[in-house]
2 protein chains.
Amino acid sequence: MAFFESNYWHPSVATDIVLLSLRQKKLSALLVKRLDHENGWALPGGFLEKGEDLDQCAHRELNEETGIQVPYMSHFANYSDPNRDSRHQVISVAYLAVHPSGKLRIRANSDVFDVNWFNVENLPDLSFDHNKICGDGIKYSRLLIERKPSLAFAFHNGGFTLTELQQTFAAFGGHKFSPENKRNFRLWLKNYADGRGLVVETDKFREGNHRPARIYEPNLEALDKETIK
Amino acid sequence: MAFFESNYWHPSVATDIVLLSLRQKKLSALLVKRLDHENGWALPGGFLEKGEDLDQCAHRELNEETGIQVPYMSHFANYSDPNRDSRHQVISVAYLAVHPSGKLRIRANSDVFDVNWFNVENLPDLSFDHNKICGDGIKYSRLLIERKPSLAFAFHNGGFTLTELQQTFAAFGGHKFSPENKRNFRLWLKNYADGRGLVVETDKFREGNHRPARIYEPNLEALDKETIK
DNA sequence: CCAAAAGTGTTGATCCTACACCCATGT
DNA sequence: ACATGGGTGTAGGATCAACACTTTTGG
């Protein structure tokens, strides 16, 4: 006997996560290989379970499949073409997430037998419509970081120098945050962040073969007040 | 025997539509009274059917319940609290839509026994979490009209005068498009729309106890090229 | 001393605000 | 003639891009 019965038809509902990070200063997305997904690369994600909401589902799936937790995650689109999965009708609820650069501890998991970062300019063929979803997520991230530049902080753990922050913006290809107009980037940042108290100066410096660079940290309290998801 | 069976649990999926329009120059939302919704006011919408995608579902439900079609409709959020509907777990996919001001022909429908516009400043108590959804939709529309001002064209049928267009912006309470700075609104519009070719002058005029006002029309081709959903 | 990257001052163009003013119609 | 709303010109302030410059470290 079937486990689930109803007088009405029901679709399946899953979450898929476009997880972005900086790897070698390139914007990169995390992909997984799972036993069921035609053995190809795909976005991390999975089916909604009874009693949880979509946000919980996305966090749970990401944690189960990669063992990580992220400082930023939010919904950006739905995918509901009845034929997007040939086996049955699945609504995919897509999330954008950000992981700070640095070590990624991948947890062993029976379903997932490979996990890796891929430069977003050079993604492999993905299962289902995941190339479309991933591309949309990247496009969305470019819009988002212009509307809510504090998103860039989520790419850094334990503070950042202004040059590092600028490189983060540059990884998105945004115009104003672009290449070597260091001066204007800093003026813009001062204007943007100072009024809102978004960043705080620390007394720490990043050392190198050059003048040490001051390290800044995001002001978590002020960040919570930022509008726009 | 049950109509639908599966080895896995499935949620229900529905679309709900926040349909906005201008009524007496006030931003207003369309609400319906249905036999099943505790006999209270609620957003138009209903369950996804087998073989259709979410956009089709939203258009179909709106058409079935109110007999109208709209020039703008797009997804803005999901609602998935497991307890948002006490009867069973329903994912609500929320859409924002715009209807031009003017006559609304309501089609008789057995499920819906009342339909009406409500000023968004003064909404009644709605079924389920529809007050939350509707409020979010209105907030979203305020963001959207700043990011993509051409949305304002969807509130007008058969052309608009510049004053009418400005009143549309004013209905959202936006700062720059605000009260009686006619001069700057027009300068801003010229700068925004001229470069993109978004509006075209017609040779028609709106008459009144005063100098006739030139009527403009949106350029549909250029509108399609506008970025941002 | 030199290389390399951090960090600052300032000008000129551009955009936006505020305010004043003229124009065309109905009564 | 005048009331009403349509429609425009423009000076001064704020904002922003571009470029040149100084500072501090390691080797």
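To find a chain, count down the sequence lines: A is the first, B the second, and so on, and within it residues start at 1. The shown structure was predicted, so the numbers you read here are calculated from the model rather than taken from an experiment.
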Colleague: Separation of B/Q166 atom CD from D/dG5 atom C1', in whole Å?
Modeller: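 That distance rounds to 12 Å.
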
Colleague: Would you mind telling me which of D/dT8, D/dT24, C/dG26 lies closest to the side-chain atoms of B/E207?
Modeller: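 Ranking D/dT8, D/dT24, C/dG26 by closest atom to the B/E207 side chain puts C/dG26 first.
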
Colleague: When you look at A/D136 and A/Y79, which way does the side-chain hydrogen bond (donor to acceptor under 3.5 Å, both in side chains) test go after all the steps?
Modeller: CA-CA 11 Å; A/D136 288 351; A/Y79 297 84; 2.6 Å; yes

Colleague: Any N or O donor-acceptor pair under 3.5 Å from the base of D/dG26 to the side chain of A/R211?
Modeller: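 Check fails, no donor-acceptor contact within cut-off.
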
Colleague: What about B/K182, does its side chain sit under 3.5 Å from the base of D/dG7 through a donor-acceptor pair?
Modeller: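 Side chain to base: pair found, below 3.5 Å.
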
Colleague: Does any part of the side chain of B/L187, heavy atoms only, come nearer than 4.5 Å to the side chain of B/K190, both counted from C-beta?
Modeller: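 SC-SC contact between B/K190 and B/L187 ruled out.
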
Colleague: Any non-hydrogen side-chain atom of A/N78 less than 4.5 Å from a side-chain atom of B/V13?
Modeller: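 Not in contact.
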
Colleague: Looking only at the side chain of B/H210 (C-beta and beyond, no hydrogens), which of the listed nucleotides D/dG5, C/dT17, C/dA4 gets closest?
Modeller: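 The nucleotide sitting nearest to the side chain is D/dG5.
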
Colleague: Would you kindly check whether a donor in the side chain of B/N184 faces an acceptor in the base of C/dA18, or vice versa, at under 3.5 angstrom?
Modeller: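 Between C/dA18 and B/N184, which were checked side chain against base, a qualifying N/O pair under 3.5 Å is present.
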
Colleague: Name the orientation class of the two ring planes belonging to B/F153 and B/F160 (parallel below 30°, tilted from 30 to 60°, perpendicular beyond 60°).
Modeller: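 Correct class here is parallel.
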
Colleague: Can you find a donor-acceptor pair, distance only, under 3.5 Å between B/R183 side chain and D/dG7 base?
Modeller: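 Result: no qualifying N/O pair found.
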
Colleague: What is the separation between atom NZ on A/K190 and atom C1' on D/dT15, rounded to the nearest whole Å?
Modeller: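 Rounded to the whole Å, the gap is 17 Å.
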
